[in-house]
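Small disclaimer: the values here were computed from a predicted structure and weren't measured.
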Amino acid sequence: MTNELLDALKWLKQKQWIDLTHTFGPDSPHFAAFAPAEFETLFDHDDGFFAQRFSFAGQYGTHLDAPIHFVRDTRYLDELDLKELVLPLVVIDKSEEAAADADYSLSVQDIEEFEAKHGTIEAGSFVALRTDWSQRWPSQEQFENKDADGNNHAPGWSLEALEFLFRERKIAAVGHETFDTDSAADYTKNGALIGEYYVLEQDAYQVELLKNLHLLPPKGAVIFNIVPKAEKASGFPVRSFAILP
């Protein structure tokens, strides 16, 4: 027996699926303010079954930030609708620029140039910023990319670009390969993660520490962000993947 839904699933499984999620553990790169993850074996097969305890910050590994992560009186992780977690995917490639300038910030002009080549970004899209920063995994040192004075250097989104995407293009969510939404240079200049606050203030979520964006087309793929439903959580490690057209 078959139906349209089962036929659609069969058709989808004939497509290419790309894992966008880092495997993480106690030695993986993580935001400096958090302690490393701890994995503890509670029982092993000699006890009859294998079970573990995991301890890590919600914002660990490839993870989803709910609006409440930065903004008071907004939605928790468990309040996100299922259909919000599956979105059309747009990938803006600024890997060459990030390689030349580790502090590169995506600009409105970058978005306009992207749209001139690939068409207008559709409302309701998940927009990912490709910088190839994920290829520095699993080195904490390379992810932080500190200078001689101890300042981090990593690319990100400018506030103006985010405002354009949410206000003018009505996008649904964003993602990136770095620890933070803002470039390290913008954070140093502003003294705060104003880009990240802005995203979450839109009652939108974001996914951080994505990988394999270099395997995706600029437009046409779909992203799935499958995340545990922890009660009143500000964020949690996510299993993000894309299906290619």
Side-chain angles (χ1 to χ4, degrees), residues 2-24 58-71 74-93 111 114-115 118-130 134 157 162 165-178 181 196 198-245:
T2 188
N3 58 42
E4 290 181 350
L5 185 60
L6 295 179
D7 288 341
L9 178 61
K10 182 178 179 180
W11 178 77
L12 284 173
K13 287 198 172 184
Q14 294 173 354
K15 301 295 183 180
Q16 186 177 5
W17 295 39
I18 302 293
D19 193 353
L20 305 180
T21 310
H22 289 289
T23 300
F24 74 89
Q59 283 70 28
Y60 209 95
T62 304
H63 62 271
L64 187 152
D65 290 330
I68 196 69
H69 179 42
F70 267 44
V71 187
T74 52
R75 289 188 297 166
Y76 291 92
L77 182 67
D78 57 304
E79 295 177 304
L80 297 178
D81 186 78
L82 285 174
K83 291 183 179 180
E84 291 181 76
L85 304 178
V86 182
L87 298 170
L89 178 59
V90 174
V91 180
I92 300 177
D93 180 7
I111 298 170
F114 174 89
E115 291 188 325
H118 301 290
T120 301
I121 294 171
E122 293 83 0
S125 294
F126 182 109
V127 182
L129 173 57
R130 175 189 164 190
S134 61
W157 309 81
L162 292 167
L165 288 170
F166 280 97
R167 292 177 182 175
E168 303 297 327
R169 295 297 179 259
K170 310 298 183 185
I171 69 166
V174 298
H176 40 270
E177 301 175 61
T178 50
T181 313
E196 184 159 351
Y198 176 78
V199 170
L200 301 177
E201 191 180 29
Q202 307 316 300
D203 197 33
Y205 70 86
Q206 64 172 18
V207 178
E208 298 189 302
L209 295 173
L210 289 164
K211 74 168 189 175
N212 285 336
L213 296 182
H214 64 289
L215 300 178
L216 305 180
K219 295 176 75 175
V222 173
I223 190 170
F224 291 70
N225 298 302
I226 309 304
V227 66
K229 196 176 181 182
E231 184 179 2
K232 300 296 184 184
S234 66
F236 216 86
V238 65
R239 188 65 183 267
S240 294
F241 63 91
I243 302 179
L244 272 57

Can you tell me how far the OG1 atom of Thr181 sits from the CG atom of Leu200, to the nearest 0.5 Å?
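Between Thr181 OG1 and Leu200 CG, I get 7.0 Å after rounding to 0.5 Å.
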Distance, nearest 0.5 Å, that separates CD of Gln206 from NE2 of His176
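Here the interatomic distance stands at 4.5 Å.
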Among residues at least two apart in sequence or on other chains, which ones pass side-chain hydrogen bond (donor to acceptor under 3.5 Å, both in side chains) with Glu201?
none
What pairs with Ser134 under side-chain hydrogen bond (donor to acceptor under 3.5 Å, both in side chains), at least two apart in sequence or on another chain?
Glu177
Those residues that, when tested against [X], pass side-chain contact (heavy atoms from CB on, under 4.5 Å) (two or more places apart):
| X | answer |
| --- | --- |
| Thr21 | Asp19, Thr62, Arg239, Ser240 |
| Thr23 | none |
| His118 | Phe114, Pro218, Lys219 |
| Asn212 | Ile18, Leu20, His214, Leu215 |

Partners passing salt bridge (charged side-chain N to carboxylate O under 4.0 Å, His left out) against Glu79 (at least two apart in sequence or in another chain):
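In terms of salt bridge (charged side-chain N to carboxylate O under 4.0 Å, His left out), with neighbours along the sequence ignored, Glu79 is linked to no residue.
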If we only count heavy atoms from C-beta on, is the Leu80 to Leu85 side-chain gap below 4.5 Å?
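Touching, per the 4.5 Å side-chain cut-off.
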Apply ring-ring contact (aromatic ring centres under 6.0 Å, His included) to Tyr60 and list each qualifying residue two or more places apart in sequence or on a separate chain.
Phe24, His30
Report the residues that fulfil ring-ring contact (aromatic ring centres under 6.0 Å, His included) with His69, sequence neighbours left out, ordered by chain and then residue number.
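Testing His69 for ring-ring contact (aromatic ring centres under 6.0 Å, His included), a comparison that skips the adjacent residues, returns none.
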Could you walk me through whether Glu115 and Arg169 pass the salt bridge (charged side-chain N to carboxylate O under 4.0 Å, His left out) test, one step at a time?
CA-CA 11 Å; Glu115 291 188 325; Arg169 295 297 179 259; 2.7 Å; yes
Could you give all pairs that pass the side-chain hydrogen bond (donor to acceptor under 3.5 Å, both in side chains) test and reach residues 80-90, with sequence neighbours left out?
Arg75-Glu84
Test: side-chain hydrogen bond (donor to acceptor under 3.5 Å, both in side chains). Region: residues 3-18. Which pairs qualify, not counting sequence neighbours?
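Listed once each, the pairs are Thr2-Asp7.
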So which atom in [X] and which in [Y] form the shortest heavy-atom distance, rounded to 0.1 Å?
| X | Y | answer |
| --- | --- | --- |
| Val199 | Tyr205 | CG1-O, 4.2 Å |
| Leu87 | Ala172 | CD1-CB, 3.9 Å |
| Phe224 | Ile243 | CE1-CD1, 3.5 Å |
| Pro88 | Gly124 | CD-O, 3.7 Å |
| Trp157 | Leu165 | CZ3-CD1, 3.6 Å |
| Ala204 | Pro67 | O-CG, 3.4 Å |

May I have the list of side-chain donor-acceptor pairs in residues 226-238 shorter than 3.5 Å, sequence neighbours left out?
residue	atom	partner	partner atom	Å
Ser234	OG	Gln59	NE2	3.3

